[in-house]
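Computed from heavy atoms alone, side chains included, the values below leave out hydrogens, waters and symmetry copies.
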Amino acid sequence: MGSIMVLGDSLSYYGNKGGLSADDPQIWPNLVGAESGRDVELFARIGWTSRDVWWAITQDPRIWAALPKADLLILAFGGMDSLPSPLPTALREQIRYVRPEKLRQVVRGAYSWLQPRLSPIGWPMAIPPSETIYYYEKIRAALQHLRPDLPIIVCLPPTHDSPYYGNVHPGRIPTTVAISQWATEHDLPTVDFYPVTAEDFANDDVEMNPDGIHWGLDTHVRIAEVLAPAVKQAVG
């Protein structure tokens with residue numbers, strides 16, 4: 001029996017208290033793996049957009065090694081694409097390289113001040129929907145060229161309730177629509193993460209990460225339950 005390969009972002013391995021290891025049994029990829037009796041190969045990093053995932057599959061030899069053994073591929077990213085970004089993503093990512101340190105702190109502080117105040121505008125986004133689909137298709141085409149038999153499940157973006165983004169998410173709907181249409185064009189099943197995450201962020205009885213972006217472990221359980229029917233249909 002092969003594995004389940006997950007390409008994701010930090011939502012696939014962060015809990016209410018921070019990041020967890022890739023083999024932690026409490027995160028949703030491993031809950032899905034346990035339910036199907038398969039090992040999981042998780043490839044994800046904090047902040048990954050669809051563009052970062054594309055770079056990963058072209059540069060990470062661990063992905064190349066995992067692909068031939070996979071029974072199923074789950075695409076669980078795109079949420080970061082949909083977030084508002086006052087600065088172009090490329091510029092924002094360069095803040096860490098600003099020198100000297102005091103100047104970097106000033107720049108980072110200014111960005112942190114602007115981010116929640118400009119987020120309600122909803123533009124620019126980290127990755128606009130047309131670019132998101134461009135990278136989704138590059139990923140699909142590359143991996144299915146190597147494994148045309150590999151089933152793919154596409155996860156639609158969740159939401160957040162983060163003060164860092166002004167507690168708004170105007171880019172979710174256009175990004176979700178674009179991903180859904182792309183998936184339909186290629187006959188790929190989709191699983192929507194929005195309903196569960198919207199409910200849990202709105203429920204004070206559910207413990208979520210204080211950053212308002214990442215989830216609690218109960219939400220990981222619910223996400224795994226939402227995914228279960230699609231996984232069962234794909235691999236039994």
Any [X] side-chain heavy atom under 4.5 Å of [Y] side chain:
{"X": "Trp215", "Y": "Ile223", "value": "yes"}
{"X": "Arg99", "Y": "Arg104", "value": "yes"}
{"X": "His214", "Y": "Ser10", "value": "yes"}
{"X": "Tyr194", "Y": "Pro157", "value": "no"}
{"X": "Trp182", "Y": "Val177", "value": "no"}
{"X": "Ser180", "Y": "Leu156", "value": "yes"}
{"X": "Tyr136", "Y": "Trp54", "value": "no"}
{"X": "Glu41", "Y": "Ile4", "value": "no"}

[X] side, atom [atom1]; [Y] side, atom [atom2] - distance, nearest 0.5 Å:
{"X": "His220", "Y": "Leu11", "atom1": "NE2", "atom2": "CG", "answer": "7.5 Å"}
{"X": "Thr132", "Y": "Phe77", "atom1": "OG1", "atom2": "CZ", "answer": "9.0 Å"}
{"X": "Ile139", "Y": "Arg51", "atom1": "CD1", "atom2": "CZ", "answer": "11.5 Å"}
{"X": "Leu72", "Y": "Ser36", "atom1": "CG", "atom2": "OG", "answer": "8.0 Å"}
{"X": "Ser3", "Y": "Asp71", "atom1": "OG", "atom2": "CG", "answer": "6.5 Å"}
{"X": "Arg108", "Y": "Glu101", "atom1": "CZ", "atom2": "CD", "answer": "10.0 Å"}

- Residue among Leu150, Ile152, Leu7 satisfying side-chain contact (heavy atoms from CB on, under 4.5 Å) with Leu143: Leu7
- Can you tell me if Thr175 and Asp81 form a side-chain donor-acceptor pair at under 3.5 Å? no
- Message: Under a 3.5 Å threshold, yes or no: a donor from one side chain and an acceptor from the other, between Asn16 and Asn209?
- Response: no
Under 4.5 Å between side-chain heavy atoms, counting indirect links through other Ile/Leu/Val/Met/Phe/Trp/Tyr residues: same cluster for [X] and [Y] or not?
{"X": "Val221", "Y": "Leu217", "answer": "no"}
{"X": "Tyr14", "Y": "Phe193", "answer": "yes"}
{"X": "Ile57", "Y": "Ile153", "answer": "no"}
{"X": "Ile63", "Y": "Tyr135", "answer": "yes"}
{"X": "Ile213", "Y": "Met80", "answer": "yes"}

More than 12 heavy atoms of other residues, nucleotides or ligands under 6.0 Å from [atom1] of [X]: is that the case?
{"X": "Leu146", "atom1": "CG", "answer": "yes"}
{"X": "Glu199", "atom1": "CD", "answer": "yes"}
{"X": "Tyr134", "atom1": "OH", "answer": "no"}
{"X": "Glu131", "atom1": "CD", "answer": "yes"}

Can you check whether [Y]'s main-chain N or O pairs, donor with acceptor, with [X]'s side chain at less than 3.5 Å?
{"X": "Trp55", "Y": "Ser50", "value": "no"}
{"X": "Tyr13", "Y": "Trp28", "value": "no"}
{"X": "Arg62", "Y": "Asp60", "value": "no"}
{"X": "Arg172", "Y": "Leu83", "value": "no"}

- Task: Kindly assign one of parallel, tilted or perpendicular to the pair His160 and His169, based on the angle between their ring planes and the thresholds 30° and 60°.
- Result: tilted
- Task: May I ask you to say whether Asp52 pairs ionically with Arg45, meaning some side-chain N is under 4.0 Å from a carboxylate O?
- Result: no
- Task: Considering only NZ, NE, NH1 and NH2 on the basic side and carboxylate oxygens on the acidic side, decide whether Arg140 and Glu137 come within less than 4.0 Å.
- Result: yes
